[in-house]
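Everything below concerns the one structure shown next.
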Amino acid sequence: MTALSLNRTTTDMRRGACPALSAPMMTGDGLLARVALTDAISPRQLADLSRLARIHGNGILDISARGNLQIRGLNEVSASLLEGDVRALNLPLREGLAVETPPLAGRDDTEIADPHPIADAIRLGARDIAGLAPKMSVIVDGHGRLRLSHLLADIRLVAVKMGDDISWKLLLGGSETSAGVLAVLSEADAVSAALDLLRTLASMGNGARGRDLAVNLPRDGGDLPATSPFDLFALADELHAVGIGPAFAQSKTEDVIALCLAAERLGIRFVKPALDHSLLFFGGSQACRALALFAAENGFITSEADPRGHIAACPGSPACRSATIATHDVAREAGGEWTDLLDGSFKLHISGCPKGCAHPGPTALALCGSPAGLSLIAQGKATDLPFADITIADTKATLRRLADLVRSERRAGENSAACLARLGTDRLAAAAMSGRP
């Protein structure tokens with residue numbers, strides 16, 4: 001294969017751009033290619049993919065919040081070579097529209113229905129629909145464990161039990177709680193309705209999204225319990241899965257290769273990139289436990305209690321040319337100051353720029369890079385107005401003052417997110433700025 005041709009262009013850093021294996025995105029450390037899978041692969045295949053990332057890129061592998069693998073540090077020639085070598089591995093690569101299912105789907109004996117038949121039908125039917133927005137996504141959720149409720153989707157189908165029958169709730173735009181509820185349908189009607197909606201969105205132009213059709217629709221509202229992939233899950237037929245993830249969503253390829261080789265030695269059968277920047281390894285109970293121990297000893301996240309798992313940090317500077325701060329350095333400082341306060345009630349969002357790629361939705365506390373240093377945002381997104389602005393040099397001291405405030409003010413039985421919301425921006429701003437001259 002040769003260098004990128006005029007028909008195979010790199011994408012820019014627009015918030016609406018979406019990197020792919022055949023259309024890599026330019027970042028601060030070169031081109032980034034995304035490898036999206038529709039099914040699990042073997043540990044050996046993941047190791048082979050990691051070796052390709054080391055050969056053609058800079059040896060860094062990302063796992064996105066939606067469970068996509070991202071290979072960094074490519075150039076135009078190596079990106080083309082990578083694409084050819086990845087396709088030669090015969091992986092279950094996703095082509096076209098993103099139709100996502102929960103990572104345990106089909107193996108989860110708690111789910112109401114296996115979402116794969118509907119997802120496959122939508123994926124097949126959407127092949128002929130041109131003009132959809134680059135980040136258009138469909139989620140089909142069988143309502144089991146590790147649900148995708150908190151991920152944003154243009155079209156969402158969720159299995160619901162209606163007496164002895166199984167139906168599918170159709171929602172548009174947002175997360176499951178913020179999306180508009182359009183209808184409750186049978187399986188056949190759910191597929192045709194989803195495809196009709198995609199055709200409608202395509203006819204509205206490639207900027208149209210599901211939220212544009214959700215105006216005035218009722219919302220389910222309420223809070224959904226958060227589910228962490230960093231646990232051991234007992235599945236059907238004595239199969240188990242264990243969730244393992246790199247700190248701050250990024251790992252050296254040699255560390256991933258070592259993890260995969262350990263999994264293979266233990267008899268782990270397959271692995272799937274999953275939500276919250278995780279890898280789910282599937283095998284016997286003892287093998288999964290042994291792999292989790294190996295992973296923990298080698299710096300991976302293996303427990304929901306690990307505070308690093310409650311920090312959403314983008315690659316930051318210098319990896320991303322839009323970033324103004326080294327997000328992982330800030331994340332390490334935050335993890336140290338907030339260890340006991342990162343209790344899973346919220347994601348501490350650390351963003352290199354206002355695009356907020358690591359956590360597009362609002363959260364209790366966000367730290368966003370700015371030309372002057374860091375902007376601090378409460379109960380919002382990286383794009384929202386900050387309650388304080390600080391310099392990078394003040395980061396550690398400011399984080400300590402905010403953490404001390406939450407520790408001293410948190411009531412019995414109150415989680416960190418609720419405490420931050422109750423304190424409000426005025427109290428937080430006063431604490432953040434108290435040490436400044």
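Atoms considered below: every heavy atom in the structure, side chains included; atoms not considered: hydrogens, waters and symmetry mates. Residues take their numbers from the sequence shown, with the count starting at 1.
L151 is listed as a side-chain neighbour of L148, based on a closest heavy-atom distance under 4.5 Å. Using a 4.5 Å heavy-atom threshold, the side chains of S178 and S175 count as touching. Annotation: side chain of L37 is in contact with side chain of P273 (closest heavy-atom distance under 4.5 Å). Annotation: side chain of L104 is in contact with side chain of L280 (closest heavy-atom distance under 4.5 Å). Using a 4.5 Å heavy-atom cutoff, the side chains of R156 and V138 are not in contact. R289 places a side-chain heavy atom less than 4.5 Å from the side chain of L232. In this structure, the side chains of R308 and R332 stay at 4.5 Å or more apart for every pair of heavy atoms. K135 has its side chain within reach of R209: a pair of non-hydrogen atoms, C-beta onward, lies under 4.5 Å apart.
Atom OG of S278 sits about 11.5 Å away from atom CG of D231, to the nearest 0.5 Å. Atom CZ of residue F281 and atom CZ of residue F270 lie 12.0 Å apart, to the nearest 0.5 angstrom. Summarising the geometry, atom CG belonging to L46 is positioned 6.5 Å from atom CG belonging to L69; distances are rounded to the nearest 0.5 Å. Put simply, OG1 on T227 and CZ on F233 are 7.5 Å apart, with the number rounded to the nearest 0.5 Å. In this structure, CG on L374 lies 5.5 Å from CG on L367, to the nearest 0.5 angstrom. Rounding to the nearest 0.5 angstrom, the gap separating the CZ atom in F346 from the CG atom in N415 is 9.0 Å.
With respect to H56, the side chain to side chain contact (heavy atoms under 4.5 Å, CB included) criterion is satisfied by exactly one of V86, I71, L31, D85: D85. If you run side chain to side chain contact (heavy atoms under 4.5 Å, CB included) between V140 and each of V158, D114, I118, only I118 comes through. Here the rule is side chain to side chain contact (heavy atoms under 4.5 Å, CB included) with K169, and of L182, V160, L185 only V160 fits it.
Of all the heavy atoms in A358 and A313, the pair that sits closest is CB-C, 3.7 Å. Taking every heavy atom of both residues into account, S50 and I257 meet most closely at CB-CG1, 3.6 Å. Scanning both residues, A287 and L266, for their nearest heavy atoms gives CB-O, 3.4 Å. Taking all atoms of both residues into account, the shortest heavy-atom contact from I325 to V330 is CD1-CG2, 4.4 Å. For S375 against P386, the heavy-atom pair with the smallest separation is CB-CB, 3.8 Å. When all heavy atoms are compared, the tightest approach of L157 to A190 is CD2-CB, 3.8 Å.
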### Message
Quick one, L89 with L52, criterion side chain to side chain contact (heavy atoms under 4.5 Å, CB included). Give me CA distance, side-chain angles, the key distance, then yes/no.
### Response
CA-CA 10 Å; L89 294 178; L52 293 179; 3.8 Å; yes
### Task
For side chain to side chain donor-acceptor pair (under 3.5 Å), just list the numbers for R410 and S416, CA-CA rounded to whole Å, side-chain angles, deciding distance to a tenth of an Å, and then say yes or no.
CA-CA 7 Å; R410 193 165 59 173; S416 295; 2.9 Å; yes
### Query
Can you check side chain to side chain donor-acceptor pair (under 3.5 Å) on S345 and D343, steps first, answer last?
CA-CA 6 Å; S345 61; D343 55 4; 2.6 Å; yes
### Task
Kindly determine whether L291 and L259 satisfy side chain to side chain contact (heavy atoms under 4.5 Å, CB included), including the steps that lead there.
CA-CA 8 Å; L291 184 64; L259 181 65; 3.7 Å; yes
### Task
Start with the C-alpha gap between R44 and C260, add the side-chain angles, then the distance that decides, and say whether side chain to side chain contact (heavy atoms under 4.5 Å, CB included) holds.
CA-CA 6 Å; R44 180 176 291 272; C260 290; over 6 Å; no
### Task
Could you walk me through whether D189 and S186 pass the side chain to side chain donor-acceptor pair (under 3.5 Å) test, one step at a time?
CA-CA 5 Å; D189 289 342; S186 67; 3.3 Å; yes
### F230 vs T302, side chain to side chain contact (heavy atoms under 4.5 Å, CB included): CA-CA, chis, key distance, verdict
CA-CA 5 Å; F230 303 114; T302 61; 6.0 Å; no
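The pair R147-E176 meets the salt-bridge criterion, since a charged nitrogen lies less than 4.0 angstrom from a carboxylate oxygen. Remark: R72 engages D62 in a salt bridge, criterion side-chain N to carboxylate O under 4.0 Å. Using a 4.0 Å cut-off between charged nitrogen and carboxylate oxygen, D196 and R199 count as a salt-bridge pair. Between E95 and R87, at least one side-chain N (NZ, or NE/NH1/NH2) sits under 4.0 Å from a carboxylate O, which counts as a salt bridge. Between R123 and D120 there is a salt bridge, with a side-chain nitrogen of the basic residue lying less than 4.0 Å from a carboxylate oxygen of the acidic one. Ion pair R145/E111 not flagged as a salt bridge, since none of the NZ, NE, NH1 or NH2 atoms sits closer than 4.0 Å to an Asp/Glu carboxylate oxygen. Between K381 and D384 no salt bridge is recorded (no basic side-chain N to carboxylate O distance below 4.0 Å).
Relative orientation of the F248 and H328 rings is tilted, given thresholds of 30° and 60° on the angle between their planes.
Looking only at distances, no side-chain donor or acceptor of N206 sits under 3.5 Å from a matching main-chain atom of A133. When atom types are taken as modelled, the side chain of T327 and the backbone of I350 share no donor-acceptor pair closer than 3.5 angstrom. In terms of modelled atom types and a separation under 3.5 Å, the side chain of S351 and the main chain of P354 share no donor-acceptor contact. Of the possible donor and acceptor atoms, one in the side chain of D141 sits under 3.5 Å from a partner among the backbone N and O of H143. Judged purely by atom type and a 3.5 angstrom limit, N298 uses its side chain to pair as donor or acceptor with the backbone of F294. Side-chain atoms of K355 never come within 3.5 Å of backbone atoms of S322 as a donor-acceptor pair (strictly under, hydrogens ignored). Counting only distance, with no hydrogens or angles, the side chain of T38 and the backbone of P92 share a donor-acceptor pair below 3.5 Å. For the pair H277 (side chain) and I63 (backbone), a donor-acceptor distance under 3.5 Å is present. Proximity of a side-chain donor or acceptor of T324 to a complementary backbone N or O of S370 within less than 3.5 Å is detected. Between the T253 side chain and the R51 main chain, no donor and acceptor come within less than 3.5 Å of each other.
Within the cation-pi definition used here (under 6.0 Å to the ring centroid, within 45° of the axis), R107 qualifies as a partner of F282.
Using modelled atom types, one finds a donor on one side chain and an acceptor on the other under 3.5 Å when comparing T110 with D108. Residues D29 and N58 have side chains that bring a donor and an acceptor to within less than 3.5 angstrom of each other. Between the side chains of S228 and E304, not a single donor N or O lies within less than 3.5 Å of an accepting N or O.
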